[in-house]
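First up is the structure itself, then whatever we jot down about it.
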Protein chains: 2
Amino acid sequence: MNTENRGLSERKKQILKAIVDAHIEGGGPVGSKYILQNQQLSCSSATIRNEMAELEEMGYLEQPHASAGRVPSELGYRFYVDSLIERYAMTTNEIAQINNLLKAKMGELDQILLAASNLASNLTNYTGIAIKPRVQSVSITKFETIYLEPDHYILVAVTSTGAVKSRHIHGDYPVTQATVTRLATALNDHLTGLSADQITLPIIMKTEAQMGIDAQTVGTVIKVIYELLSELDAGEMRVSGIDRLLQYPEYSDVSQLQELLGTLEKKEDILNLVSRTETNDINVVIGSESEVKVMNNSALVFKPIVKDGKTVGAIGILGPRRMDYAKVLATLEGLSGNIADLIHGNNQWNGGLPDGGNQSNGNA
Amino acid sequence: MNTENRGLSERKKQILKAIVDAHIEGGGPVGSKYILQNQQLSCSSATIRNEMAELEEMGYLEQPHASAGRVPSELGYRFYVDSLIERYAMTTNEIAQINNLLKAKMGELDQILLAASNLASNLTNYTGIAIKPRVQSVSITKFETIYLEPDHYILVAVTSTGAVKSRHIHGDYPVTQATVTRLATALNDHLTGLSADQITLPIIMKTEAQMGIDAQTVGTVIKVIYELLSELDAGEMRVSGIDRLLQYPEYSDVSQLQELLGTLEKKEDILNLVSRTETNDINVVIGSESEVKVMNNSALVFKPIVKDGKTVGAIGILGPRRMDYAKVLATLEGLSGNIADLIHGNNQWNGGLPDGGNQSNGNA
DNA sequence: GATTAGCACTCAAAGCAAATGAGTGCTAAA
DNA sequence: TTTAGCACTCATTTGCTTTGAGTGCTAATC
């Protein structure tokens, strides 16, 4: 991901930075004259042209066509993001916004992430993404049953990630309050700590045998649990502020936009990308650096949210490749800090575990 | 919504229908000659022109500009949908698809709705919408608590609509297993059947007094319950297949598209529209018939899903005004039938109440 | 009175050519 | 190494013409 690009002279760096900045702001190719005017450089446009030609040769710039200005290449952006970017300081106003909106939403992790990605989208004017990554293996820490009617009870499961899931169960055979209570105990004894792929036939049979409850009921419940676990593994992703994309001319090409929306809908690709990421730092994925198709003139910036050493979610920003990285990075950094505070819980009535409970609504 | 439009001659109806059909298929204005060719009418193009002129005068047709063909007006579409539309029979293939995909998803209502709107989007090639409408007043039927650690327990609530919601609670004061159990009993005694606006200060105080649990803990829990209830009232909406919109030329105007995506994001308008609808039939909202802005050249077709006399959700299709209503209506009809079957539960292990449990992720 | 053929008219859309101008590369001088 | 100068390139804009689908109207016909 990093090339040996230290070999750039100060002037080259300054020119490259100027071009990227200008391109981020304006969107179009940047010419030598423009740089001369908006930059204090003690040289002429011809010199700048020479430098630009060299930068192009080195792969940092591209020329859409012979008589156009230069546009940063993917490599150019990468260098910019890694080395040239200027720290953007959030305004107190923005910080206040984050605090207010996030504190108000302080409920389950789901909602915090959603609110945060929303906020990120608002603050940066790009598209926000809230992600709950796939996890290798969730297990269930605690079972509980709620008896409602003779043929109807609810199974509640608390997962190892702190999420609470539930399922209504309508049995064919009437069950009693007592049976249902016994069921919970039995499940707690035998099935806690197992992930979906650990629930094998032997275990099921052993459980059935030792439970002293009719096999039908047990079978039904185990099936439900299995489904629950599979669902928990799946990961989820929510997008907010798609409409913002449209204001950038790079997306006025309908076919391009269509493909991008397609990948956003499918969710698969982005979910994979984020789930597979190992670092907890902010990630900047520019264009074809990722295996995600169609991101060619787009970039995705995302920041994992970590709780107890585990990645429990991520918030991200999707926008044109020429996005205002300084601002985006600062925003995500700020938000993730606040989220960390929230989920490490210093608030009165809620704030401990991530994931108060509900994370259905997967990607269908 | 209905004008006295019975005064149309058979031939006028035929011509109007032909124009609408042609426009749905092609998208452009329809001329007299085209109709003559694709329709068996024993008259000439001049006669058709005359009829068209009259239809325009009556408000059923519009002319984009003087030398263009005719385009159906909103009124024209309304008449078409109400009177002229031909029943579309779903293919066995499509029916099979519905059955398979829906049966596979048979879990909570949330997921069924989502899967259904997704499927609707696939089958019709327009954008699908899954809606859980606002409800006036949900109450909680049953409380349960799950003890985890000395300062940490989970509150589980079963609502009157059958949804199960939960919240982690981290108390400032240690609680015991026994306290937590007692808490559940007390809540079940005092707070079941109340909606958010019925939880008033007197009731809270009375509950606190009779509970015999420290006021802090009770106060915290009641606050959580209140928030839970408010959240349940809120309604939710999910969109799938936005990218499909782009294939219709009416949305290649970026600014239009942007506004439409905006309303889809806000959700407010559509949620209101659906929540306020009283009939359980399929609704067709064409363009500016609704108060929803920006739907000018779009139409929304939706079908409420009813369970025990209550509207528990809706699935809908959003597309260009010139959408294939016959197909859309048939699809929604078919899907809603299947959903009704599912939630009235004739399946072995699950199927009774709607809403197994999880419907967080509201509109932030 | 309804229908039709015929014709003049309209107007968006497509095609074409010239003008514009931002920006470059190269060369030769400083 | 830098720079001024100049010829060259090429996307974009502009104005113009052509095309053709489609209409409205009128006068003849059924």
Side-chain angles (χ1 to χ4, degrees), chain A residues 7-16 18-20 22-23 25-73 76 249-250 252-253 297, chain B residues 7-16 18-20 22-23 25-73 76 249-250 252-253 297:
Chain A
L8 287 188
S9 71
E10 262 327 300
R11 193 171 63 189
K12 277 207 180 57
K13 283 186 193 171
Q14 190 181 356
I15 290 175
L16 178 54
I19 291 177
V20 177
H23 185 250
E25 193 176 321
V30 185
S32 55
K33 211 169 169 184
Y34 179 89
I35 292 184
L36 190 63
Q37 283 164 350
N38 297 60
Q39 207 78 11
Q40 45 271 65
L41 273 168
S42 51
C43 64
S44 74
S45 66
T47 310
I48 296 178
R49 278 202 291 283
N50 288 334
E51 294 281 49
M52 280 162 71
E54 284 180 45
L55 280 168
E56 179 170 6
E57 210 166 313
M58 298 165 91
Y60 295 105
L61 296 178
E62 280 163 1
Q63 209 172 12
H65 62 88
S67 73
R70 300 304 209 292
V71 158
S73 70
E250 25 271 274
S252 54
D253 173 6
N297 49 8
Chain B
L8 286 187
S9 72
E10 261 327 300
R11 192 170 63 191
K12 277 208 179 58
K13 283 186 194 170
Q14 191 180 354
I15 290 175
L16 178 54
I19 291 177
V20 176
H23 185 249
E25 193 175 321
V30 186
S32 54
K33 210 168 169 183
Y34 179 90
I35 292 185
L36 190 63
Q37 282 164 350
N38 297 61
Q39 209 77 13
Q40 46 271 65
L41 274 168
S42 50
C43 64
S44 75
S45 68
T47 309
I48 295 178
R49 277 202 293 282
N50 288 334
E51 296 280 49
M52 279 162 70
E54 285 181 45
L55 280 168
E56 179 170 6
E57 210 167 314
M58 298 166 87
Y60 295 105
L61 296 178
E62 279 164 2
Q63 209 171 10
H65 62 89
S67 73
R70 299 305 208 292
V71 158
S73 69
E250 25 271 272
S252 53
D253 173 6
N297 51 4

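Labels below follow one simple rule: chain letters A, B, ... track the order of the sequence lines, proteins then strands, and each chain is numbered from 1. What you see is a predicted model; the values in this text were computed from it and never measured.
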Show me, pair by pair, the donor-acceptor contacts under 3.5 angstrom made by side chains of residues 63-71 of chain A, not counting sequence neighbours?
unit_1: A:Gln63; atom_1: NE2; unit_2: A:Ala66; atom_2: O; d: 3.1
unit_1: A:Gln63; atom_1: NE2; unit_2: A:Ala68; atom_2: O; d: 3.3
unit_1: A:His65; atom_1: ND1; unit_2: A:Ser67; atom_2: N; d: 3.4
unit_1: A:Arg70; atom_1: NE; unit_2: A:Glu56; atom_2: OE1; d: 2.7
unit_1: A:Arg70; atom_1: NH2; unit_2: A:Glu56; atom_2: OE1; d: 2.8

Can you measure [X] atom [atom1] to [N] atom [atom2] for me and round it to whole angstrom units?
X       : N      : atom1 : atom2 : result
A:Gln63 : C:dA22 : CD    : P     : 17 Å
B:Ile15 : D:dG22 : CD1   : C1'   : 15 Å
A:Leu55 : C:dG25 : CG    : P     : 12 Å
B:Ile48 : C:dT3  : CD1   : P     : 11 Å
B:Ile19 : D:dT23 : CD1   : C1'   : 13 Å
B:Tyr34 : D:dG22 : OH    : P     : 10 Å
B:Lys12 : C:dT3  : NZ    : C1'   : 14 Å
A:Glu54 : C:dG25 : CD    : P     : 11 Å

Measuring only between side-chain heavy atoms, which start at C-beta, is [X] closer than 4.5 Å to [Y]?
X       : Y       : value
B:Ile48 : B:Cys43 : yes
B:Leu16 : B:Leu61 : yes
B:Ile19 : B:Tyr60 : no

Nucleotide-resolved protein contact map, nucleotides 2-21 of chain D, B/S/- at heavy-atom distance under 4.0 Å: SBBB---BBS---------B
If only atom types and distance count, is the side chain of B:Ser73 paired as donor or acceptor with the main-chain N or O of B:Gly59 below 3.5 Å?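 Here the side-chain-to-backbone pair exists.
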Once you round to the nearest 0.5 Å, how far does OG of A:Ser9 lie from CD of A:Gln14?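 One finds 9.5 Å between OG of A:Ser9 and CD of A:Gln14.
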